[in-house]
Every structure is written in structure tokens, then in C-alpha cells.
Amino acid sequence: MEPNDLTFLLDLGFIVITAAAFSLLGKLVKMPSIVAYIIAGIFLGPYLRIVELSHSLELISELGIGLLLFLVGIELNFNKIKNLGQAALILGGLQILLTSISGFLLAKFMGFEPMAALFLAATVTFSSTVVVIKLLDQKGATSQLFGRIAISLFLAQDIVIILAMTLLSGLRTNQGIELAELGLGIAIALAGMVALLFISLLASRYILPRPFEWAARSSDTIFIWALCWCFLMVLLAHQFHLSVEIGAFLAGIAIAQLPIHEDLHRRLHPLMTFFIAVFLVTLGVKTDITILSEIWPYLLGLSVFVIIVKPLIVFLILSRLNYSEYTSFQAAI
């Protein structure tokens, strides 16, 4: 075994063992596993310096993000949210607009440059769909009205994120500064996005139903077929010069329209959990804790914004849409 291979295996072993230990400690103090994993990474990296981030670990963490968006896509079943389509569009559009503007103004007030303020505004605007769905599922609230509103809101956010990633893919394909070249790159990326979405929806209607119905007879077969479809869409996305995340997300959307999408979600969730745990621990490994003393005022201000202002925006929008105070409050929280 090559020394680099042994180092990678040792690093991965340390990550898994530490993640398991910190998740257990997190449960004892009722800390979310996401936070526990990041703290585990800080413990391994900046604090003890046992693990250093390698290219192989970065690839695994990126694979975790791809699988995460694959599962998010599987949640986008049109039948579940069709009755909330208008509310989702209004709520999603207004929430993203008002939160991003407020976040941008807050970041500018803190003294950030326009591009940095724009990035921070996007950071505080969007939330994790998988985390929200997991929490709602634990509370048994996914079928309640506020739960379905919350899910539709985050799915609207996901679509905006995917569009933003498509624009960034177009920008990355052109390194020049000519406006025409940038516009062409964005147009090509958007065309690729539309083509890939068309392929995904066409496959979900005419190609995938019968093979997946046959594969559903075996749990192992349907698991492998789902991953096969995911990586096939990732390869197509690469051909269109789009990111891995876009391909995985659109692959999930196709499967979401099949009758077996809920069963597949349950089967794929443990695999995704492993890769996401590795991603979060490596995120902690990369964290530079030496600058916390310098940036804590910014962290405090942005955290207060996310915890107080953002839910207030959602609450006010839902109230104006004539939802009850209880439903508006629960969905906002």
C-alpha cells in the first residue's frame, strides 16, 4: 500500500471515529449532529492537527454534497406541492427578495464590500432543505399544513440556488472580461440546464417507470439503479459544462415523480448521512479558529438576523396570505 493511500485511510478512520464520538456526546447535551460534526473537525484539524485535508477527502465531501442534492431532488414530488404552488411562488419569491436585500444592507452596514455583502446576503437567505425535512419528519409534521408550506418554501429556494449555480457555471466557462463572452457562457449554461431538465422529466415519464418498477422487487437492485441514474445525470451535466450538484439534483427530480421515490429516499439516506458527516467534519478541519476573535461581532450580527429577522419576514408574508397565526408562526420557525 502506498504511503498516501495509508494516510488517506487513517484520516478517514479518524474522521469516522471522531464523528461518531462527538455525535454521541452531542445527543447527551441535545446538540444537533450537524454542529457536533463540525466541532469534531475543529478538534481533529485546527486543535490537535491530526488530520490534514487532502484531495481524496475533498472528493468524498463533494460527493456528499452531490448525494445531498440528489435527495433534495427526490423530495420534489409535484403531486405533494401542487396545491401550494401559488403560495410557494409568492412566499418563496418575497422571502428570497426581502431577506437578500435586508442581508445585503446589514452586511454593508457592517462595512463589507459590495461583492462580499452580496455573498453574505445569499448565505443568510437560503437554508438546508434536508435538515428542515429531517426535523419535520422527527416531529411528525410533514403532513401538517405548516410543514408542507415550509417544504414548499425550501424547494423554491433550492430552485433559485440551482439557477444561480447555472449562472456561475456559465461564468466559469469564460475567463475573459468581454461582456459578450460572459453572456454567451451564461446562455450556454442556461440552455444546458433547460435541456438537462427536459431530459430528466422526459425520462421520469417514459423511460424510468418500468425499469424501476422491475428493480423494486429487489432492494439491492433498486439502490444500485438509483445511484446509476444519479451518476448518469452527473455525466450528462458535465457534458453540458454544468456542475455535479445540478446533475444530481435533476436526477433526484426525475425519481421524485416515480411511485417508489419515498422508499428510495429511505434507502439512500444512510449513505448520504455518511458522506455528509465526512463533509461537515472536513469543513471543521478547514476552519481557521484563530480569526474568531476578529470576526465574532459579524457572526453575532448575522446570527441574530437569521434567528429573528428572517422568521419574522416569513411570518409577515404568510399572515398577509391569510394563513392563521399558528400556521404562520410554525412555518416561520
Side-chain angles (χ1 to χ4, degrees), residues 55-78 81 122 126 128-131 133 154-174 184-209 211-212 215 221-258 260-262 264-265 267-276 278-280 282-283:
H55 179 65
S56 299
L57 288 176
E58 287 184 341
L59 285 178
I60 289 181
S61 63
E62 289 177 6
L63 180 59
I65 295 300
L67 289 173
L68 175 66
L69 284 172
F70 181 51
L71 283 184
V72 170
I74 291 178
E75 289 291 339
L76 190 55
N77 182 272
F78 299 145
I81 60 173
F126 301 105
S128 172
T129 304
V130 171
V131 171
I133 292 175
F154 292 118
L155 291 177
Q157 290 184 359
D158 293 332
I159 293 172
V160 173
I161 292 173
I162 293 298
L163 292 175
M165 291 169 61
T166 303
L167 292 175
L168 290 176
S169 297
L171 290 174
R172 283 199 299 268
T173 59
N174 291 276
L184 178 62
I186 292 174
I188 292 174
L190 286 174
M193 172 73 173
V194 172
L196 205 60
L197 178 60
F198 178 76
I199 292 172
S200 175
L201 296 179
L202 192 67
S204 69
R205 185 174 180 86
Y206 298 107
I207 300 175
L208 298 180
F212 271 85
T221 303
I222 198 169
F223 179 82
I224 295 298
W225 277 39
L227 291 179
C228 174
W229 169 247
C230 177
F231 285 109
L232 179 61
M233 289 294 289
V234 166
L235 290 175
L236 285 175
H238 179 71
Q239 294 301 315
F240 285 111
H241 303 287
L242 299 172
S243 67
V244 169
E245 292 83 357
I246 293 175
F249 179 76
L250 294 178
I253 288 180
I255 289 182
Q257 314 316 314
L258 303 180
I260 44 83
H261 74 276
E262 292 183 353
L264 265 178
H265 187 279
R267 295 182 187 280
L268 289 168
H269 193 273
L271 180 65
M272 182 274 296
T273 300
F274 167 75
F275 283 106
I276 290 300
V278 174
F279 167 74
L280 292 171
T282 55
L283 185 64

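Using a 4.5 Å heavy-atom threshold, the side chains of L258 and L208 count as touching. Counting heavy atoms from C-beta on, the side chains of I199 and L250 never come closer than 4.5 Å. No side-chain heavy atom of S204 sits less than 4.5 Å from a side-chain heavy atom of I253. Looking at heavy atoms from C-beta onward, L67 lies out of side-chain contact with L268 at the 4.5 angstrom threshold. Contact of the L235 side chain with the H238 side chain is not registered, since no non-hydrogen atoms from C-beta on lie closer than 4.5 Å.
Rounding to the nearest 0.5 angstrom, the gap separating the SG atom in C228 from the CD1 atom in I222 is 13.0 Å. Here the CD1-CZ distance, from I260 to R267, works out to 9.5 Å after rounding to the nearest 0.5 Å. Taken from CZ in F231 to CZ in F70, the straight-line distance is 9.0 Å, to the nearest 0.5 Å.
When atom types are taken as modelled, the side chain of S200 and the backbone of L196 share no donor-acceptor pair closer than 3.5 angstrom. Proximity of a side-chain donor or acceptor of W229 to a complementary backbone N or O of A251 within less than 3.5 Å is detected.
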Under the side chain to side chain contact (heavy atoms under 4.5 Å, CB included) rule, what do L202 and I207 come out as? Steps first, then yes or no, please. CA-CA 7 Å; L202 192 67; I207 300 175; 5.6 Å; no

Would you please test L264 and F212 for side chain to side chain contact (heavy atoms under 4.5 Å, CB included) and show each step? CA-CA 10 Å; L264 265 178; F212 271 85; 4.0 Å; yes

